[in-house]
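See structure below.
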Amino acid sequence: MSVVVWDGMTLATDKSASNGNIHHCLDKAWVYKDALLTGTGSLGGILAMRGWYKAGAKAEDFPEMQKGNNWCHFIVVTEHGLERYEQSPIPIEHGRNACAFGSGQDIAYGALAMGANAEQAVGIANQYVADCGHGVDVFTLTGE
C-alpha cells in the first residue's frame, strides 16, 4: 500500500511496501530522462507500466495485466505536470493540480487542504495510515 502526493511542484511518496503481514522499505519513484515515474497498487503492475513507458508508451504495447482487475495507478510527472494512467494508454491529465493517490490519499488530501506541501502530506499519512510509512522520498523536477 502507498501514498503518492503531488502538490503542483513536488512529488512525494512513502517508502512502505507489504507482502502479507510483512512490511519493508522500498523506493517507489524513479527518475527517467526528464520525468518522474511512480504509482500505487500492484508493484508488478507498476513495474510493467514503467517498462511500457520506457519502451515508448505505444498504445498497441499497453500491458495486458493493466486491463484486468489488478490494475494500478501509474503516474508520470514532467515539466507539464502530472498525468496518470489507469486501464488505458490514454493518460488522465492532472497538470499542476494537487492530488493524492493510494491508501493514504484521504489523509493526504486533508493535509493538502490545510496547507501542507507534498512532503508534509505524506508524512502525515504515514502517521495515521497503517499501510503507509518507512519515511518520505521527495522529488522536484529541475529547470522549471
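This chain uses plain numbering: 1 for the first residue, then up along the sequence.
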Problem - Hphob cluster co-occupancy, Val3 + Tyr109, side-chain heavy atoms under 4.5 angstrom - result: yes
Exercise for the section: Report yes if some heavy atom in the side chain of Glu86 is under 4.5 Å from a heavy atom in the side chain of His73; otherwise report no. Expected result: yes
Problem - Short side-chain to backbone donor-acceptor contact, Trp6 and Phe101, under 3.5 Å - result: no
Handout entry: Minimum heavy-atom distance between Ala48 and Met65, given as atom pair plus value
Key = CB-SD, 3.8 Å
Practice task
Could you tell me whether the side chain of Asp7 and the main chain of Thr10 form a donor-acceptor pair under 3.5 Å?
Solution key: yes
Practice task
Mark yes when over 12 heavy atoms from residues, nucleotides or ligands other than Tyr128 sit less than 6.0 Å from its OH; otherwise mark no.
Solution key: no
Fill in the blank from the handout: Between Ala35 and Tyr53 the two heavy atoms that sit nearest each other are CB-OH, 4.2 Å
Handout entry: Test item: Leu36 and Val31 side chains (from C-beta on) under 4.5 Å apart, heavy atoms
Key = yes
Problem - Leu43 vs Leu26, side-chain contact (heavy atoms from CB on, under 4.5 Å): CA-CA, chis, key distance, verdict - result: CA-CA 11 Å; Leu43 180 57; Leu26 178 73; 4.0 Å; yes
Problem - Contact summary for Val122 and Asp14, nearest pair of heavy atoms - result: CG1-N, 3.6 Å
Problem - Exercise: identify the closest heavy-atom pair between Gly104 and Val129 - result: CA-CG2, 3.9 Å
Practice task
Indicate, with yes or no, if Phe139 and Leu112 share a hydrophobic cluster defined by side-chain heavy-atom contacts under 4.5 Å among Ile, Leu, Val, Met, Phe, Trp and Tyr.
Solution key: no
Handout entry: pair Pro91-Val76: side-chain heavy atoms closer than 4.5 Å
Key = no
Exercise for the section: Find the distance between OG (Ser16) and NE2 (His24) and round it off to the nearest 0.5 Å. Expected result: 8.0 Å
Handout entry: Trp30 and Lys54, any side-chain heavy atoms less than 4.5 Å apart
Key = no
Exercise for the section: Might you confirm whether atom CD1 of Ile90 has over 12 heavy atoms from other residues, nucleotides or ligands at distances under 6.0 Å? Expected result: no
Practice task
Check step by step if ring-ring contact (aromatic ring centres under 6.0 Å, His included) holds for Phe74 and Trp52.
Solution key: CA-CA 11 Å; Phe74 182 69; Trp52 169 76; 7.2 Å; no
Problem - Flag, side chain of Gln66 to backbone of Ser88, donor-acceptor distance under 3.5 Å - result: no
Handout entry: Heavy-atom donor-acceptor pair, Glu93 side chain to Leu82 backbone, under 3.5 Å
Key = no
Practice task
For the residue pair Asp27 and Lys15, establish whether any side-chain heavy-atom pair is separated by less than 4.5 Å.
Solution key: yes
Practice task
State, yes or no, whether a side-chain contact exists between Phe62 and Met49 at a heavy-atom distance under 4.5 Å.
Solution key: yes
Exercise for the section: Please indicate whether Asp34 has more than 12 foreign heavy atoms, meaning atoms of other residues, nucleotides or ligands, lying under 6.0 Å from its CG. Expected result: no
Problem - Any donor-acceptor pair under 3.5 Å from Thr38 side chain to Ile75 backbone - result: no
Completion exercise
When rounded to the nearest 0.5 Å, the distance separating NE2 of His134 from NE2 of His23 is 7.0 Å
Problem - Distance in Å, Gln120 CD paired with Asn126 CG, rounded so as to fall on 0.5 Å steps - result: 13.0 Å
Completion exercise
Here the pair of heavy atoms bringing Ile46 nearest to Cys72 is N-SG, 3.6 Å
Exercise for the section: Identify the heavy atoms of Ala100 and Ala108 that sit nearest to each other, and give their distance. Expected result: CB-CB, 3.8 Å
Problem - Side chains of Val4 and Lys28 in contact at under 4.5 Å (non-hydrogen atoms) - result: no
